[in-house]
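In listed order, ligands and their atoms are each counted from 1. Quantities reported herein were computed from a predicted structural model and do not represent experimental measurements.
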Amino acid sequence: MNNHLLALGDFSRETLRSLIDRALALKADRKRGLRNQTLAGRTICLLFEKPSTRTRVSFESGMYGLGGQVIFMSAKESQLGRGEPLKDTARVLSRYVDAIVVRTFGQNVVEELARYATVPVINALTDLYHPCQVLSDLMTVLEVKGTLDGVKTVWIGDGNNMANSWIEAASVFGFPLTLACPAGFDPNEAILAKARARGTLPISIVRDPAEAIRGAEVVNVDVWASMGQEAEQEQRIGLFRQYQLDAALLAKADRNAVVMHCLPAHRGEEVTEEVLEGPQSVIFDQAENKMHIHAAILEHFILKGRAA
Ligand code: CP
Ligand code: NVA
């Protein structure tokens with residue numbers, strides 16, 4: 001069954017846009033006090049190998065909000081932690097639940113689970129991608145800018161999992177994206193090449209954050225050391241210093257630019273307290289939208305699976 005969400009680049013613009021539109025509708029319903037029950041009687045398993053606050057709680061809350069049930073399992077407390085093969089885990093969990101939401105290190109892990117699972121596998125962050133996060137970020141851009149078309153977007157910092165998913169999003173939706181990364185910290189080359197071949201608008205890599213941010217309408221930052229890179233934290237702080245988003249750098253962006261950060265943030269590193277708490281920051285809208293987009297994702301993949 002090819003009904004998994006492993007990377008944004010696997011989907012058409014229409015499918016991703018329909019997920020965002022559904023999330024916007026679910027958000028409006030919640031604000032009006034309406035509760036949907038589209039996943040009543042359904043159960044998902046969250047299988048997490050890395051820490052999480054937002055993704056875990058927003059998937060759980062999103063699922064409960066649609067009438068469904070959630071089982072959380074940390075990978076190290078499961079038999080995976082004792083070496084049980086992924087292919088056995090995938091087939092067993094598929095007998096119990098309607099979808100498996102996975103946060104792990106290697107993209108190969110979610111791919112292997114998807115190969116053997118007979119229910120949808122959703123990527124809730126790997127070292128390579130964070131597709132669900134970028135979908136909620138796109139929803140946020142749509143809310144504040146009214147469109148994704150031609151919205152000049154910039155990424156400042158590490159060419160990490162978030163950067164890779166933004167690159168795929170830019171190529172699918174066709175908005176211009178500039179990434180300012182220190183030498184040696186560029187995004188994944190193969191993802192970039194594929195996105196450039198598919199996309200119609202430029203995806204550029206530059207070294208100078210001031211050059212990248214000029215005229216940008218959406219400014220994205222993320223931690224300099226991602227989960228699993230804790231040992232490099234100190235070294236990265238030295239190498240990334242000039243990539244900090246402070247008020248002076250933000251002043252070079254479009255005057256209506258919004259500042260985005262998927263969180264958790266390290267104030268005083270990738271972004272200053274002033275910018276993060278400032279009027280251009282939409283970080284808590286992004287965080288809220290995770291719940292609505294996760295509900296839309298679960299509904300789409302679980303119900304599509306049933307219809308197939
Ligand atoms: N943004 C995000 O994925 O946060 P968590 O690590 O808290 O889930
Ligand atoms: N790039 C970060 C994102 C956290 C949500 C990480 O992988 O740790």
inquiry  = Could you check whether Ser61 and Ser58, counting side-chain N and O atoms only, form a donor-acceptor pair closer than 3.5 Å?
reply    =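 Checked: Ser58/Ser61 side chains show no N/O donor-acceptor pair below 3.5 Å.
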Residues [X], [Y]: salt bridge by 4.0 Å N-O rule:
X: Glu299; Y: Arg22; result: yes
X: Lys50; Y: Asp127; result: yes
X: Glu168; Y: Lys194; result: no

task = Compute the shortest N/O to N/O distance between Gln133 and ligand 1 and return yes if it is under 3.5 Å, no if not.
result = yes
inquiry  = Evaluate Cys262 for polar contact with ligand 1, using N/O atom pairs at a separation under 3.5 Å.
reply    =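 N/O-N/O distance below 3.5 Å exists for this pair.
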task = Number the atoms of ligand 2 from 1 as they appear, then name those within less than 4.0 Å of a heavy atom of Met227, with their elements.
result = 6 (C), 7 (O), 8 (O)
request  = May I ask you to list the atoms of ligand 2 that are less than 4.0 angstrom from any heavy atom of Asn161?
outcome  =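 Taking each heavy atom of Asn161 in turn, ligand 2 has 1 (N), 2 (C), 6 (C), 7 (O) under 4.0 Å.
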task = Check ligand 1 against Thr53 and write out every atom of the ligand that is under 4.0 Å from a heavy-atom position of the residue.
result = 5 (P), 7 (O), 8 (O)
Ring geometry between His294 and Phe59 (parallel below 30°, tilted from 30 to 60°, perpendicular above 60°) =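 Answer is parallel, since the angle falls under 30°.
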task = Closest by any non-hydrogen atom to atom 2 (C) of ligand 1: pick that one out of Val57, Val223, Asp222, Thr55.
result = Thr55
Nearest-option assignment for atom 6 (O) of ligand 1, heavy atoms, candidates Gln286, Arg103, His130, Lys50 =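 Residue with the shortest heavy-atom distance to the ligand atom: Arg103.
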request  = Measure the distances from the heavy atoms of Lys290 to every atom of ligand 1 and state whether one is below 4.0 angstrom.
outcome  = yes
query = Under a heavy-atom criterion of less than 4.0 Å, does Leu263 contact ligand 1?
reply =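 Heavy atoms of Leu263 do come under 4.0 Å of ligand 1.
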Do any N or O atoms from the side chain of [X] and from the backbone of [Y] form a donor-acceptor pair under 3.5 angstrom?
X: Ser78; Y: Ala75; result: yes
X: Arg103; Y: Asn123; result: no
X: Asn164; Y: Leu128; result: yes

Below the 3.5 angstrom mark, is there an N/O of [X], backbone or side chain, next to an N/O of ligand 2?
X: His130; value: no
X: Arg103; value: no
X: Lys50; value: no

request  = Run the contact test for Leu263 against ligand 2 with a 4.0 Å cut-off on heavy atoms, strictly below, and give the result.
outcome  = yes
request  = In sequence, state the C-alpha distance, the side-chain angles, and the governing distance for Arg82 and Gln79, and then conclude on side chain to side chain donor-acceptor pair (under 3.5 Å).
outcome  = CA-CA 5 Å; Arg82 297 178 58 245; Gln79 296 289 4; 2.4 Å; yes
Within reach of ligand 2, part of Leu125 (heavy-atom separation under 4.0 Å) = side chain
Taking atom 3 (C) of ligand 2 as the reference point, the nearest protein heavy atom with its distance =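 Answer for atom 3 (C) of ligand 2: Asp222 OD2, 3.7 Å.
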ask   = Quick one: nearest non-hydrogen protein atom to atom 4 (O) of ligand 1, plus distance?
value =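 Protein heavy atom with the smallest distance to atom 4 (O) of ligand 1: Arg54 NE, 2.9 Å.
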inquiry  = Testing Ile122, Asp98, Asn3, Ile297 one by one against Ile302 for a side-chain contact (heavy atoms from CB on, under 4.5 Å), which residue passes?
reply    = Asp98
